[in-house]
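Notes for the one structure printed next.
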Amino acid sequence: RLTLLDEQPMRGKQPLFDLPTSNRDDWVRWAAGFVDGEGCIDIAYRPKSRTHYLRLTVVQVEKQPLQILQALFGGNLREKFMNPKYHPPHHRQAYYWQAAAQQAIRAISALRPWLIVKAKEADLAAEFQKGIGRAITRGVSDEERTRRTLCRERMKALKGRLKPFK
């Protein structure tokens, strides 16, 4: 049974999925391809607390691949809310797996050697998280807050959601 990347138990949660083989490296390579095609590396922002945090998310209608990601890297696996206004009854239930902050960067670091499409996003995620450590809000200088905001804007630009700046 695989647990978190660093072999530490997940705060009271154990993955409910046993991987069919004990070769962890093969599963990490598989996960890199899956995340490269289906995943999202993002720097999110909470306006109320003025905090930025790293997030790795994969949405899928099949639960099993997400259970494998959870078994490899921890994180949360949940049902996605399917608003009936936008998702007719014939649409299948979707699920999402998500890792945030330190858990996300551990997963991204393990996946990075095999990422192709999301390689630049992974590199920017590492740069972003390096400046954060464990302190997300306490004692954050204006300079650090600006650095985090710029990382977020650069991530948006990589995804084509913002015009690149010079």
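Values in this document were obtained by computation on a predicted structure and should not be read as measured data.
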Ignoring hydrogens, what is the shortest heavy-atom contact between [X] and [Y]? Give both atom names and the distance.
| X | Y | result |
| --- | --- | --- |
| Gln60 | Glu62 | CG-O, 3.1 Å |
| Ala110 | Val28 | O-CG1, 3.5 Å |
| Leu124 | Met155 | CD2-N, 3.4 Å |
| Ala104 | Ala99 | CB-O, 3.4 Å |
| Glu79 | Tyr96 | O-CE2, 3.8 Å |

Inset, instruction - Step by step, work out the side chain to side chain contact (heavy atoms under 4.5 Å, CB included) result for Trp27 and Ile68. - result: CA-CA 8 Å; Trp27 283 108; Ile68 294 170; 3.5 Å; yes
Starting at [atom1] of [X], measure out to [atom2] of [Y] and round the result to the nearest 0.5 Å.
| X | Y | atom1 | atom2 | result |
| --- | --- | --- | --- | --- |
| Arg152 | Tyr45 | CZ | OH | 8.5 Å |
| Leu69 | Glu38 | CG | CD | 10.5 Å |
| Ile41 | Ile108 | CD1 | CD1 | 4.5 Å |
| Leu66 | Phe34 | CG | CZ | 5.5 Å |

Inset, instruction - Kindly write out the residues that satisfy side-chain contact (heavy atoms from CB on, under 4.5 Å) with Glu143, not counting sequence neighbours, or none if the list is empty. - result: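 Once residues adjacent in sequence are excluded, the partners of Glu143 under the side-chain contact (heavy atoms from CB on, under 4.5 Å) criterion are Ser141.
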Inset, instruction - Name all residues meeting the side-chain contact (heavy atoms from CB on, under 4.5 Å) criterion together with Ala44; count only those two or more places apart in sequence or in a different chain, and write none if there are none. - result: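 Testing Ala44 for side-chain contact (heavy atoms from CB on, under 4.5 Å), a comparison that skips the adjacent residues, returns Tyr53, Arg55.
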Answer yes or no: is there a donor N or O on one side and an acceptor on the other, between the side chain of [X] and the main chain of [Y], under 3.5 Å?
| X | Y | result |
| --- | --- | --- |
| Trp97 | Gly74 | yes |
| Gln129 | Ile105 | no |
| Lys118 | Gly39 | yes |
| Lys80 | Ala94 | no |
| Asp36 | Ile116 | yes |
| Arg24 | Leu72 | yes |
| Arg147 | Phe128 | yes |
| Gln98 | Asn76 | no |

Legend entry - Lys130 side chain near Glu127 side chain, heavy-atom distance below 4.5 Å: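 The answer is no, as the side chains (C-beta and beyond) never meet within the 4.5 Å cut-off.
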Legend entry - Side-chain touch His52/Cys151, heavy atoms, less than 4.5 angstrom: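 SC-SC contact between His52 and Cys151 ruled out.
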Inset, instruction - Could you please spell out the steps behind the side chain to side chain contact (heavy atoms under 4.5 Å, CB included) verdict for Ile43 and Lys156? - result: CA-CA 9 Å; Ile43 298 170; Lys156 286 181 183 179; over 6 Å; no
Legend entry - Lys/Arg-Asp/Glu bridge criterion (N-O < 4.0 Å) met for Lys120, Asp123: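 No, Lys120 and Asp123 are not salt-bridged.
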Inset, instruction - Report the C-alpha distance between Arg50 and Val140 in whole Å, list the side-chain angles of each, state the deciding distance to 0.1 Å, and finish with yes or no for side chain to side chain contact (heavy atoms under 4.5 Å, CB included). - result: CA-CA 10 Å; Arg50 295 179 48 208; Val140 175; over 6 Å; no
Legend entry - With sequence neighbours excluded, residues passing side chain to side chain donor-acceptor pair (under 3.5 Å) with Glu121: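 Scan of Glu121 (side chain to side chain donor-acceptor pair (under 3.5 Å), adjacent residues dropped) gives Lys159.
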Legend entry - Verdict with supporting geometry, Leu111 and Arg29, side chain to side chain contact (heavy atoms under 4.5 Å, CB included): CA-CA 7 Å; Leu111 301 171; Arg29 284 191 288 275; over 6 Å; no
